Q: 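This is the structure I have questions about; it appears just below.
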Amino acid sequence: MRTVKVYQEAWPLHTPFVISRGTRSEAVVVVVELEEDGVKGVGECTPYPRYGESDASVLAQITTVLAELERGMTRAGLQEALPPGAARNAIDSALWDLEARQKHTTISGLAAVELPEMITTAQTVTIAAPEQMAASAALLWEKGARLLKVKLDDRLITERMVAIRAAVPEAILIVDANESWRGDGLAARCQLLADLNVAMLEQPLPAGQDEALANFIHPLPVCADESCHTRSSLATLAGRYEMVNIKLDKTGGLTEALLLAKSAREQGFDVMLGCMLCTSRAIAAALPLAAKVRFADLDGPTWLAVDVEPGLNFVTGKLYP
């Protein structure tokens, strides 16, 4: 018989995390622990209000399959029992971790993936006044970050981006608008970013309202985040996006995420690996995807005042798995 524990945690951030939807001061996560014969596997998810999730709703979803989990539910059975989302991710991650530990390997080893010695991860520059964002970018560059992810809303786009590029002329910049733009003026904004040598633009338009992306030749790659959750999302993305951002909390875990990555590549999309604000537990579950992505954005734990123990080895802009 398998024992199951489910609980919520709140992890304070060392600095407020500001994006177009608002400001976060803590990461609220839900944790699932599975134990069999003295071996414990742990999984974590971050409920996301944008997708209609809360800690309470995710805990309630997990409760619906507790009996099956205790009786030995498998990853395959889980895919049928719960829809994609944070709740399924926490359980799926715990099942991967449990099996990996039972077989004395890592999740990446279980997935037959050999990780590089170092993974370059984006470091996020959150929304502030142009000079503040430029100073943040410069500090991250000085500390060793070479890939910077710039959060934007619908204001001061030119001022912010020009200031940042002047501060870090050699950095690889990717931009995330978090659905805050509209179709009017989109082509001109994309051209501005391309002129500033931005490597990619992530989710400029609201999911479901991205038809304007098909109406012009993109001067830089555009990546679907909120518009891409699972393999079923891909059919509507062709001609609008060149890349997809895979997050375990959207796919409902590594099981679907690996299939999504494979299908996306087969259909001609580049792949990015992202995360929510989370602890190292959540990043460890996603690492099998990190070996072959165009961009990895795994800095969630670096925003925490204190990470879970034992945490992963993060050095500004770099992750040593």
Side-chain angles (χ1 to χ4, degrees), residues 17-24 45-54 57-58 83-86 89 122 124-128 133 149-161 173-194 198-252 256-257 260 264 267 269-277 294-295 297 300:
F17 190 82
V18 186
I19 66 171
S20 63
R21 293 192 191 97
T23 302
R24 301 272 298 279
C45 70
T46 302
Y48 202 42
R50 167 64 181 83
Y51 304 133
E53 297 174 337
S54 65
S57 73
V58 166
N89 176 35
T124 303
V125 178
T126 63
I127 294 173
M133 294 180 73
K149 181 173 182 175
V150 179
K151 293 286 190 177
L152 292 178
D153 55 18
D154 201 34
R155 299 175 55 253
L156 301 175
I157 293 165
T158 300
E159 294 87 344
R160 286 166 169 158
M161 291 308 305
L173 298 181
I174 56 180
V175 166
D176 185 4
N178 283 115
E179 304 181 281
S180 64
W181 297 1
R182 297 298 177 264
D184 293 346
L186 178 62
R189 288 178 174 181
C190 287
Q191 190 59 55
L192 167 72
L193 298 183
V198 171
M200 181 270 283
L201 168 63
E202 187 178 348
Q203 196 70 43
L205 303 176
Q209 300 177 34
D210 44 16
E211 60 278 356
L213 286 167
N215 296 333
F216 65 98
I217 296 173
H218 299 173
L220 79 168
V222 183
C223 178
D225 181 5
E226 287 86 351
S227 289
C228 182
H229 288 246
T230 64
R231 284 170 289 168
S232 65
S233 305
L234 293 174
T236 63
L237 304 182
R240 299 178 178 184
Y241 295 95
E242 289 75 37
M243 186 181 298
V244 297
N245 187 351
I246 298 177
K247 296 176 180 174
L248 300 197
D249 279 319
K250 293 188 300 175
T251 64
E256 171 63 22
L260 171 57
Q267 295 180 42
F269 295 98
D270 269 338
V271 174
M272 174 182 182
L273 176 60
C275 68
M276 307 298 189
L277 290 172
R294 178 69 182 86
F295 298 114
D297 176 23

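Values reported hereafter were calculated over all heavy atoms of this structure, with side chains retained and with hydrogens, waters and symmetry mates removed. Remember, predicted model here, so these are calculated numbers, not experimental data.
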Q: With a 4.5 Å limit on heavy-atom distance, are the side chains of F295 and M243 in contact?
A: yes

Q: Ignoring hydrogens, what is the shortest heavy-atom contact between G183 and A212? Give both atom names and the distance.
A: CA-CB, 4.0 Å

Q: Can you find a pair of side-chain heavy atoms, one from L260 and one from C228, that are under 4.5 Å apart?
A: yes

Q: For Q203 and S227, test the side chains for any donor-to-acceptor distance below 3.5 angstrom and give the result as yes or no.
A: yes

Q: So R155 and I127, do their side chains get closer than 4.5 Å, heavy atoms only?
A: no

Q: Restricting to non-hydrogen atoms, name the atom on H229 and the atom on T251 that form the minimum distance, rounded to 0.1 Å.
A: O-CG2, 3.1 Å

Q: Could R182 and D154 be called an ion pair, given the rule that one side-chain N must be under 4.0 Å from one carboxylate O?
A: no

Q: Would you name the heavy atoms of E179 and A207 that are closest together and state the gap between them?
A: OE2-N, 2.8 Å

Q: Distance from Q191 atom CD to I217 atom CD1, nearest 0.5 Å?
A: 11.0 Å

Q: Show the nearest heavy-atom pair for residues K151 and T126, with the distance to one decimal.
A: CB-CA, 4.1 Å

Q: Treating E226 as the side-chain partner and Y51 as the backbone partner, does any N or O pair qualify as donor plus acceptor under 3.5 Å?
A: no

Q: Between R160 and D153, is there a side-chain N and carboxylate O pair less than 4.0 Å apart?
A: yes

Q: Could you tell me whether the side chain of D249 and the main chain of T46 form a donor-acceptor pair under 3.5 Å?
A: yes

Q: Determine, step by step, whether K149 and M272 satisfy the side-chain contact (heavy atoms from CB on, under 4.5 Å) criterion, reporting the C-alpha distance in whole Å, the side-chain angles of both residues, the deciding distance to 0.1 Å, and the verdict.
A: CA-CA 12 Å; K149 181 173 182 175; M272 174 182 182; 4.0 Å; yes

Q: Whether the side chain of K250 engages the backbone of D225 through a donor-acceptor N/O pair (distance < 3.5 Å, no angle test) should be reported.
A: yes

Q: Measure the SG-CG distance between C45 and L248 for me, rounded to the nearest 0.5 Å.
A: 10.5 Å

Q: Are any side-chain N or O atoms of N245 and backbone N or O atoms of G274, one a donor and one an acceptor, separated by less than 3.5 Å?
A: yes

Q: Is the shortest side-chain heavy-atom distance between M161 and L152 below 4.5 Å?
A: yes

Q: Quick one: pull up CZ in F269 and CG in L237 and give me the separation to the nearest 0.5 Å.
A: 5.0 Å

Q: Can you find a heavy atom in the side chain of R294 that is under 4.5 Å from one in the side chain of E242?
A: no

Q: Quick one: CG on L193 to CG on L173, what's the gap to the nearest 0.5 Å?
A: 9.5 Å

Q: If you compare all heavy atoms of P204 against all heavy atoms of A177, which two are closest, and at what distance to 0.1 Å?
A: CA-CB, 3.8 Å

Q: Looking just at side-chain N and O atoms, do Y241 and D210 make a donor-acceptor pair shorter than 3.5 Å?
A: yes

Q: Do other residues, nucleotides or ligands put more than 12 heavy atoms under 6.0 Å from R240 CZ?
A: yes

Q: Testing the basics here: between F216 and C190, what is the closest heavy-atom pair and its distance to 0.1 Å?
A: CZ-SG, 3.9 Å

Q: With side-chain contact (heavy atoms from CB on, under 4.5 Å) as the criterion, how do V18 and T23 come out once you've worked through the C-alpha distance, each side chain's angles and the decisive distance to 0.1 Å?
A: CA-CA 4 Å; V18 186; T23 302; 3.7 Å; yes

Q: Quick one: pull up CE in M276 and CZ in R50 and give me the separation to the nearest 0.5 Å.
A: 10.5 Å

Q: Atom CZ of R189 and atom CG of L201: how far apart are they, to the nearest 0.5 Å?
A: 10.5 Å

Q: Under a 4.5 Å cut-off applied to non-hydrogen side-chain atoms, are D270 and P221 in contact?
A: no

Q: Look at the side chain of E53 and the backbone N and O of A86, then say whether any donor-acceptor pair between them is shorter than 3.5 Å.
A: yes

Q: Would L192 and V198 count as a side-chain contact (heavy atoms from CB on, under 4.5 Å) here? Give the steps.
A: CA-CA 9 Å; L192 167 72; V198 171; over 6 Å; no

